[in-house]
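To start, the structure under review is shown below, and the notes come after it.
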Protein chains: 2
Amino acid sequence: MDMITNDLRDDILSGRFAPGDRLLELQLSEQYTCGRAAIRSAIVALTTEGLVEREENRGATVRRISITEAIQITEARSVLESLIAAQAARHATEKDHAELRDIIEQMRTAVGNDEGKAYSELNRVLHRRLREMSGHDIAAELVANLRNRAAHHQYRLAVMPGRSADSLEQHAAIVDAVVAGDEAAAAAAMTAHLESVIEVLHRWGDANVR
Amino acid sequence: MDMITNDLRDDILSGRFAPGDRLLELQLSEQYTCGRAAIRSAIVALTTEGLVEREENRGATVRRISITEAIQITEARSVLESLIAAQAARHATEKDHAELRDIIEQMRTAVGNDEGKAYSELNRVLHRRLREMSGHDIAAELVANLRNRAAHHQYRLAVMPGRSADSLEQHAAIVDAVVAGDEAAAAAAMTAHLESVIEVLHRWGDANVR
DNA sequence: GTCAACGATTTTGTTGACATTCGGGTACTT
DNA sequence: AAGTACCCGAATGTCAACAAAATCGTTGAC
């Protein structure tokens, strides 16, 4: 795939470009030392990925995601990640089980030491490994995309005080079900986890009515 | 959005371009009477949509979807459409209910008269209206994309003899649940419907091992 | 007769210049 | 002073030519 597209995507996800920021072709072509055509191509790709918004003759901006949209994104993620969890429960090997248990252990110490950044990273790793173990490429691709779209709101969530503890137990429940090979339980645990995320988003949305 | 992208997408979905066909930029720019830049842009967009495959310096081809991939696509669709059905059950108005019942009625006569083409079209309409009624833009967008990706396999399915009868009852069950406002039942009925589609795909795949 | 190297052709990738469109600022009118 | 028409600048959209890469056919050697 195109390298420039990945660079620009990373810069958007990392917050280097914030929601609402204009993406000027000339400026970007200088910044990434490439022609305007490459930038244009990247913008088209990221537009269909839902990360960028384009208006005829007016240029591109980083897409703003409203709270209600973030909730819908998480709802969609919920059903897809549940599918992934079920498939992971079906396909995970002994080695995978050990790895998952190890990740949970690391999360536990991260929560104990109040290392929010490390926990967030482990969270990402756990979900990614589950996707890989599931072998469900389609669901994995869609979830990866949905995660990107709501990246900013996910970040807000991660730094909420006290959430790590709840989150940890939910993740542990998911891993337990996967290790037990119980597809239904794995799906249910994943649904419960994301339901709680949706709950938090709802509360945050209600608190910030405008 | 770009008009050329829509035209090319339609031509791929309608089979005007078959899986594996090369998409030559010059040829397409003549066919659609536009510059190569527009074609390039369309190809990039359709690549991220999963309809087209691109290889460095080797051009683009219409993506081939294997049976196992079609199954995964339908599995992902299953959980997302179930979400949509639940939301439709929650949000549908009296007017919507009447419209859904009317569609089912038309489907019933189409099956009675053995009009496969008309039934297939009504099928598409029903699913699209449910998406619209759900108000869940994210799930709707993802499902629309997934449907496009597996369009060819869906077509195979539609022309299978005897499937219309089963399919009709499943759709009637979905509509009944939505009209009753029963979210869980609507989701379950939709899951059952797509489970049966997956079943057929599996059988077709086993019959064509290679 | 087979295989490898070479050249021609086709196709994609890239660059630069030009056209078009939109927004804002200015000057002019009332 | 308010409103309107106009013009200019900035950015996007479009086009054509050029460069680079890959494929295919041909030629020649063994």
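Residue numbering restarts at 1 for every chain, and letters A, B, ... go by the order of the sequence lines.
The nearest whole Å value for the distance from the CD atom in A:Glu56 to the P atom in C:dT21 is 10 Å. The CG atom of B:Asn57 sits 12 Å away from the P atom of D:dA20 (whole-angstrom rounding). Atom CD1 of B:Ile4 is separated from atom C1' of D:dG13 by 13 Å (rounded to the nearest Å).
Judged purely by distance below 3.5 Å, without hydrogens or angles, the side chains of A:Asp96 and A:Thr93 pair a donor atom with an acceptor atom.
Electrostatic pairing of B:Glu99 and B:Lys95 does not count as a salt bridge here, judged by no charged N lying under 4.0 Å from a carboxylate O. Here B:Glu105 does not pair with B:Arg101 in a salt bridge; the nearest charged N to carboxylate O distance is not below 4.0 Å.
Distance check, rounded to the nearest 0.5 Å: OG of B:Ser167 to CE of B:Met107 gives 5.5 Å. Taking CD1 from B:Ile198 and CD from B:Glu75, the interatomic distance works out to 5.0 Å, rounded to the nearest 0.5 Å.
For the helix from C:dG1-D:dC30 to C:dT30-D:dA1, the rotation axes defined at the first and last 5 base pairs enclose an angle of 0°, given to the nearest 10°.
At a threshold of 4.5 Å between non-hydrogen side-chain atoms, the residues A:Leu142 and B:Leu146 count as touching. At a threshold of 4.5 Å between non-hydrogen side-chain atoms, the residues A:Leu126 and A:Ile104 count as touching.
B:Arg58 has no side-chain polar atom (N or O) that falls below the 4.0 Å cut-off from OP1 or OP2 of C:dT11.
At a non-hydrogen distance threshold of 4.0 Å, B:Arg40 from residues 39-55 of chain B come into contact with DNA chain C. A heavy atom closer than 4.0 Å to some atom of DNA chain D occurs in A:Leu23, A:Leu24, A:Glu25, A:Arg36, these being the qualifying members of residues 21-38 of chain A.
In this structure a side-chain-to-backbone donor-acceptor pair under 3.5 Å is present from A:Ser14 to A:Asp10. A:Gln72 contributes a side-chain N or O that, together with a main-chain N or O of B:Gly135, makes up a donor-acceptor pair within less than 3.5 Å.
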Check: Can you check side chain to side chain donor-acceptor pair (under 3.5 Å) on B:Glu141 and B:Asn145, steps first, answer last?
Finding: CA-CA 6 Å; B:Glu141 177 197 326; B:Asn145 173 249; over 6 Å; no
